[in-house]
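Positions are given from 1 along the sequence.
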Amino acid sequence: MKLCFLVEEQYRRDGMPVEVIHQLTAWGHHVDVVRPGGSLLRLTEAVRTSAHDAWVLKTVSGGPGLTSLEAAAWAGLTTINDVRAIRGVRDKALAAVIGLSRGLPLPATYAAAVPELLLEIPESEYPLVVKPADGSSGRAVHLVSSPGRLTEMLPELAGQGMLIAQPYVPNSGVDIKVYSVGGELYATERRSPLHPDHAVRERHVPLSPEIAEIAARVGVVYGLDLYGVDVVLGPDGPVVVDVNDFPSFRQVPDAPKRLARAVLALAAGAGGATTATTAATAATATITPTPTPVPAQATATSTAQPLLGAVPVPMTAGRKA
């Protein structure tokens, strides 16, 4: 296959996607890497003459790569993930509306074009979590205790564009990060960015059926194939606090191989990891499956055996706009 990866400057040497690209080329596939933030692009020519089976995006929110991916989609080229899905989760205000309207457990969300407008939020909603609507990687996430503290923070919040504010969900200071890759779910726990002093070792953890069902529904609601979901355990149960397209996939066993197989499956228009492995023609060491229980509605359509620590979920074919 021939693939085009759009890679932001920040990720030029990052394991994701560099190791995935290396794995694909090792399997004999051709990968072109485009740096939308570091090179002049003849975008119309690149899209018009593209012979790639799929375009893959790994950029920061608000970066220039999404425009290139959208251009490819409008030209009828296959993209991973779907560009509308990416846009839907990268705008956190929009993501909240989509998720809440489809029954996902998200906090109530306020949006403001300038930080002073957040002062209109009732005091009963405090403490608040305030962050940029286009933020990523935990950037500029603030826990605001009171209206007075918000007033003090106004200069710091200025210039960050659209902001969102959500009532803080009381929790233990641990985020559960669930990754969806190759039609399976993997769960890790890590320190919350709101609790930087909390001692938590990032590690792989079992995935409960309740959180597995929520994470699987996230993919369906937003239309994502490769994604991550941040969940906190609040007093009333799990709450989704963030959704990311093509995240780091940290702590996923053999992540480069699994991501590479998933990319190939989606590029081929396949529905699961079995076809991806065939397309790669590079099955490596066998991994003894130990599947975590998952609700019936989240069972994969693929007949592939679940891999270690994985939970099957539906996976759609590579989409065209």
Side-chain angles (χ1 to χ4, degrees), residues 5-21 23 55-63 65-66 69 79-83 85-92 94-95 98-99 104 106 131-141 174-193 200 202-205 207 211-212 214-232 238 240-263 266 307 309-311 313 315-316:
F5 272 68
L6 298 161
V7 181
E8 201 83 44
E9 296 302 292
Q10 176 177 328
Y11 298 110
R12 286 180 61 190
R13 295 176 178 83
D14 193 81
M16 291 295 160
V18 172
E19 294 177 11
V20 177
I21 293 169
Q23 185 64 71
W55 287 44
V56 186
L57 177 67
K58 178 60 177 176
T59 69
V60 295
S61 292
L66 183 53
L69 195 76
T79 66
I80 303 171
N81 292 284
D82 182 272
V83 293
I86 296 174
R87 182 69 73 179
V89 297
R90 291 199 172 190
D91 183 334
K92 298 184 186 302
L94 176 59
I98 294 171
L104 289 174
L106 280 82
K131 54 189 173 182
D134 66 349
S136 61
S137 303
R139 174 180 63 86
V141 179
V174 175
D175 286 358
I176 298 173
K177 182 82 171 189
V178 184
Y179 297 109
S180 176
V181 54
E184 293 161 337
L185 296 175
Y186 301 85
T188 68
E189 67 176 17
R190 62 183 185 180
R191 182 180 62 244
S192 166
V200 178
E202 186 173 358
R203 62 191 181 96
H204 183 268
V205 295
L207 184 57
I211 295 179
I214 292 170
R217 281 200 289 132
V218 164
V220 174
V221 166
Y222 294 105
L224 293 165
D225 292 305
L226 303 176
Y227 62 93
V229 185
D230 290 355
V231 177
V232 297
V240 174
V241 293
D242 203 8
V243 180
N244 309 109
D245 64 280
F246 210 112
S248 65
F249 297 100
R250 292 200 302 267
Q251 302 295 324
V252 173
D254 292 324
K257 289 185 177 66
R258 292 179 182 173
L259 262 293
R261 290 176 183 135
V263 166
L266 292 166
L307 298 174
V311 175
V313 293
M315 191 173 179
T316 62

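Asp225 contributes no side-chain N or O that, together with a main-chain N or O of Asn81, makes up a donor-acceptor pair within less than 3.5 Å. The closest donor-acceptor contact from the side chain of Asp254 to the backbone of Lys257 lies at 3.5 Å or more, if one exists at all. Checked by atom type and distance alone, the side chain of Tyr179 never pairs as donor or acceptor with a backbone atom of Ser248 at under 3.5 Å. A donor-acceptor contact shorter than 3.5 Å links the side chain of Arg258 to the backbone of Pro253.
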- request: Decide side chain to side chain contact (heavy atoms under 4.5 Å, CB included) for Val243 and Leu224; before the verdict, give the C-alpha distance in whole Å, the side-chain angles of both, and the deciding distance to 0.1 Å.
  value: CA-CA 10 Å; Val243 180; Leu224 293 165; 3.8 Å; yes

**Criterion side chain to side chain contact (heavy atoms under 4.5 Å, CB included) on Leu226 and Leu266, from CA distance to verdict** = CA-CA 10 Å; Leu226 303 176; Leu266 292 166; 4.2 Å; yes

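Annotation: side chain of Asp242 is in contact with side chain of Lys92 (closest heavy-atom distance under 4.5 Å). By the 4.5 Å heavy-atom criterion applied to side chains, Thr79 and Leu57 are not counted as neighbours.
Interatomic distance, Ile176 CD1 to Ile211 CD1, rounded to the nearest 0.5 Å: 3.5 Å. Taking CG of Asp245 as the reference point, atom NZ of Lys58 lies at 8.0 Å (rounded to 0.5 Å). Rounding to the nearest 0.5 Å gives a distance of 8.0 Å between CD1 of Ile86 and OG1 of Thr59. Atom CE of Met16 and atom CZ of Arg250 lie 11.0 Å apart (nearest 0.5 Å). Between the CG atom of Leu66 and the CG atom of Asp134 there is a distance of 11.5 Å, given to the nearest 0.5 Å.
Residues forming a ring pair (Phe, Tyr, Trp, His ring centres under 6.0 Å) with Phe246 (at least two apart in sequence, or on another chain): Phe249. With sequence neighbours excluded, no residue forms a salt bridge (charged side-chain N to carboxylate O under 4.0 Å, His left out) with Arg13. Residues passing the side chain to side chain contact (heavy atoms under 4.5 Å, CB included) test with Glu19, sequence neighbours excluded: Pro256. For Asp175, the salt bridge (charged side-chain N to carboxylate O under 4.0 Å, His left out) test picks out no residue, with sequence neighbours left out. Under the rule for a side chain to side chain contact (heavy atoms under 4.5 Å, CB included), the partners of Gln251 that lie at least two apart in sequence or sit in another chain are Thr188, Glu202. Under the side chain to side chain donor-acceptor pair (under 3.5 Å) criterion, Glu8 pairs with no residue at all, not counting sequence neighbours. Partners of Lys177 under the salt bridge (charged side-chain N to carboxylate O under 4.0 Å, His left out) rule, at least two apart in sequence or in another chain, are Asp230. In this structure, Tyr222 has no side chain to side chain donor-acceptor pair (under 3.5 Å) partners at least two apart in sequence or on a different chain. Legend: residues meeting side chain to side chain donor-acceptor pair (under 3.5 Å) with Ser192, ordered by chain and number and at least two apart, are absent. When the salt bridge (charged side-chain N to carboxylate O under 4.0 Å, His left out) test is applied to Arg217, no partner is found at least two apart in sequence or on another chain.
The shortest non-hydrogen separation linking Leu185 to Ala212 is CD1-O, 3.6 Å. Summarising the geometry of Pro132 relative to Ala140, their closest heavy-atom pair is CD-O, 3.4 Å, with the distance given to 0.1 Å. In plain terms, the two heavy atoms of Ala215 and Val178 that are nearest each other are CB-CG1, 3.7 Å. The shortest heavy-atom contact between Gly228 and Pro247 is N-CG, 3.6 Å. For the residue pair Pro238 and Ile214, the shortest heavy atom distance occurs at CB-CD1, 3.8 Å.
Residue Arg87 qualifies as open at atom CZ: its count of foreign heavy atoms under 6.0 Å is 12 or below.
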